[in-house]
A.B. asks: 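Let me give you the structure first, and then I'll get to my questions.
Lettering of chains follows the sequences in order, A, B, ..., and the numbering in each one begins at 1.
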There are 2 protein chains.
Amino acid sequence: MILKSQVEWALHCCAILAGLPDGRYLSTKALAEFHGLPKEYLSKALQGLSQAGLVDTSLGPSGGYRLAKPPAELTFLEIVEAVEGRQRTFVCTNIRANNPCRPKDHCDSSPCAVARIMWEADEAWRAKLRGVKLSDLVGILSQEVAPELWKSSFEWVLERAG
Amino acid sequence: MILKSQVEWALHCCAILAGLPDGRYLSTKALAEFHGLPKEYLSKALQGLSQAGLVDTSLGPSGGYRLAKPPAELTFLEIVEAVEGRQRTFVCTNIRANNPCRPKDHCDSSPCAVARIMWEADEAWRAKLRGVKLSDLVGILSQEVAPELWKSSFEWVLERAG
DNA sequence: TTAATCAAGGATAAAGAATATCCTTATTTC
DNA sequence: GAAATAAGGATATTCTTTATCCTTGATTAA
Ligand code: SF4
Ligand code: SF4
């Protein structure tokens, strides 16, 4: 069970978009080039963010993506779910229904303990991601990334932001 | 990102094995029939449990599987990891290394905040599963499963346990 | 007005992982 | 000695992920 690489891509792209000045957009092309990713496929991840309402888009030259809300109001969970989906990681195929001792008319009213426990763990994962804002990430990165690299990356982006 | 169905199978099988009297074994054949699962493929999941040291095996007629330790000392996490593996669910492909502004000699010493945050969430998931014992599951099931079904299932298993 | 650029999304292909079956081997029980 | 069992290798099938290509309609800049 491994998250798709698009999750990593989306998080990195949002971190970049968080640094964009108000009202400006950054294109798929620029984001793909900056991260060394296939443009067409990265586009699918960005479309996921767009469909989830996390980013605004603009067409034409100088178009692209920008965040739809402030980084402090955007959680990791929203970004992850936008590309990975909201389905729980444990799916129950109801194998208890195959129990040969089970009477024909027996009705398993609710999910059993196995499923509930697995879903609780899933929820713990989501709760952790829900507790981290995009602004938290930017704060950490701004401290950890080498100042020259931080600055030159920022300029690189600004040159290409429409 | 969805856990393999073998996880569900392994948990159910362990729950059954937890009810076995001391020193007795239950075969793949019986476990597969009880849960309505493909015997050969379920066998792979049980081999995973065996390789992880969670169950003991015995060959020949009346052979099969039994728990290697008491249900109170066997956690959900151990069972899940035995079939799903211990790899983290977020893998970092180090796309920051593709940053065009990055100097050639630049060395990214450690995992960045993105990866650390995702790994923390992963650990929260594991911590939750680590906190649930197989005995907890059996306790809940014994209360929730209809008494007649619980009893007849128990008898069905005993008839086939070597 | 025109040409270039962009997001969106459909179609399709390639690669990889999950699911499933079959068969052989060595061991144990009866 | 015969039957049953776990272990595991080989292979096939199906589904998901990854990736590319192309069309459409909107927007901007010249
Ligand atoms: S996990 Fe629970 S609900 Fe799902 S198949 Fe097993 S018994 Fe049924
Ligand atoms: S998640 Fe962090 S460590 Fe992984 S590629 Fe992105 S920047 Fe690098």
A.B. asks: Using whole Å, what does the distance between atom P of nucleotide dT11(D) and atom OH of Tyr41(B) come to?
C.D. replies: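 It is 18 Å, rounded to the nearest whole Å.
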A.B. asks: Please figure out whether Gly60(A) or Ser5(A) has its closest DNA chain D nucleotide nearer the 5' end.
C.D. replies: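 Looking at DNA chain D, the more 5' nearest nucleotide goes with Ser5(A).
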A.B. asks: Establish, with yes or no, whether the OP1 or OP2 oxygen of dA7(D) is under 4.0 angstrom from a side-chain nitrogen or oxygen of Tyr65(B).
C.D. replies: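 It does, given that an N or O in the side chain of Tyr65(B) lies less than 4.0 Å from OP1 or OP2 of dA7(D).
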A.B. asks: Between dT27(D), dA6(D), dT20(D), which one does the side chain of Glu40(A) approach most closely?
C.D. replies: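 Within the option list, the nearest is dT20(D).
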A.B. asks: Is the phosphate of dT27(D) approached by Ser58(A) (side-chain N or O, under 4.0 Å from OP1 or OP2)?
C.D. replies: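 For dT27(D), neither OP1 nor OP2 has a side-chain N or O of Ser58(A) closer than 4.0 Å.
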A.B. asks: Among dA4(D), dT5(D), dT20(D), which is the nearest nucleotide to the side chain of Lys29(B)?
C.D. replies: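 Given the options dA4(D), dT5(D), dT20(D), the side chain of Lys29(B) is closest to dT5(D).
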A.B. asks: When you measure from the side chain of Glu73(A) to the backbone of Pro70(A), do you find a donor-acceptor pair of N or O atoms at a distance under 3.5 Å?
C.D. replies: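 Between the backbone of Pro70(A) and the side chain of Glu73(A) there is no qualifying donor-acceptor contact (under 3.5 Å).
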A.B. asks: Keeping Glu84(A) on the side-chain end and Met1(B) on the backbone end, is there a donor-acceptor pair under 3.5 Å?
C.D. replies: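 Checking the backbone N and O of Met1(B) against the side chain of Glu84(A), a donor-acceptor pair under 3.5 Å is found.
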A.B. asks: Measure from CD1 on Ile2(B) to C1' on dT17(D) and round the result to the nearest Å.
C.D. replies: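 Spelled out: CD1 on Ile2(B) to C1' on dT17(D) is 13 Å.
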A.B. asks: May I have the distance from Trp9(A) (atom CH2) to dT18(D) (atom P), rounded to whole angstrom?
C.D. replies: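 Atom-to-atom, Trp9(A) to dT18(D), this comes out as 7 Å.
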A.B. asks: Do side-chain atoms of Arg126(A) reach the backbone of Leu77(A) as a donor and acceptor pair under 3.5 angstrom?
C.D. replies: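 No: the side chain of Arg126(A) does not pair with the backbone of Leu77(A).
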A.B. asks: Without swapping roles, check the side chain of Arg116(A) against the backbone of Pro111(A) for a donor-acceptor pair under 3.5 Å.
C.D. replies: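 A pair under 3.5 Å: yes.
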A.B. asks: Contact boundaries of DNA chain C with chain A (under 4.0 Å, heavy atoms), 5' to 3'?
C.D. replies: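 Taking any atom under 4.0 Å from a heavy atom of chain A, the span is dA4(C) to dA18(C).
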A.B. asks: When the nearest nucleotide of DNA chain C is assigned to Ser27(A) and to Met1(A) on a heavy-atom basis, which residue is associated with the more 5' position?
C.D. replies: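 Final value for this comparison: Ser27(A).
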A.B. asks: Please state how far atom CD in Gln87(A) lies from atom P in dC15(D), giving the value in whole angstrom units.
C.D. replies: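 Answer to the nearest Å: 15 Å.
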A.B. asks: Tell me the interatomic distance from Leu49(B), atom CG, to dA7(D), atom C1', rounded to whole angstroms.
C.D. replies: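 Atom CG in Leu49(B) sits about 14 Å away from atom C1' in dA7(D).
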A.B. asks: Just N and O in the side chain of Ser43(B): are any of them under 4.0 Å from OP1 or OP2 of dG8(D)?
C.D. replies: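 Result: no.
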A.B. asks: Considering only side-chain heavy atoms of Pro38(A), which listed nucleotide, dA7(D), dA19(D), dA29(D), is closest?
C.D. replies: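 Selected nucleotide (nearest to the side chain): dA19(D).
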A.B. asks: Choosing from dA7(D), dT28(D), dT18(D), which nucleotide comes nearest the side chain of Lys4(A)?
C.D. replies: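 The answer is dT18(D).
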A.B. asks: Quick one: label Gly64(A) by what it contacts on the DNA or RNA (base, sugar-phosphate, nothing), any heavy atom closer than 4.0 Å.
C.D. replies: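 Answer is sugar-phosphate: Gly64(A) comes under 4.0 Å of backbone atoms only.
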A.B. asks: Tell me whether Arg160(A) contacts the main-chain N or O of Ala30(A) through its side chain, where contact means a donor paired with an acceptor under 3.5 Å.
C.D. replies: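 No, the answer is negative, given that no donor and acceptor are paired below the 3.5 Å cut-off.
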A.B. asks: For DNA chain C, whose closest nucleotide is more 5', that of Gly63(A) or that of Lys44(A)?
C.D. replies: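 So the residue in question is Gly63(A).
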A.B. asks: Enumerate donor-acceptor pairs with a distance under 3.5 Å from any side-chain N or O in residues 36-50 of chain A to protein atoms, sequence neighbours excluded.
C.D. replies:
residue	atom	partner	partner atom	Å
Ser43(A)	OG	Gln47(A)	NE2	3.1

A.B. asks: Out of dA29(D), dG25(D), dA19(D), which nucleotide sits closest to the side chain of Leu59(A)?
C.D. replies: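 My answer, after comparing the listed nucleotides, is dG25(D).
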A.B. asks: Kindly assign one of parallel, tilted or perpendicular to the pair Trp156(A) and Phe34(A), based on the angle between their ring planes and the thresholds 30° and 60°.
C.D. replies: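 Geometry flag for Phe34(A) against Trp156(A): tilted rings.
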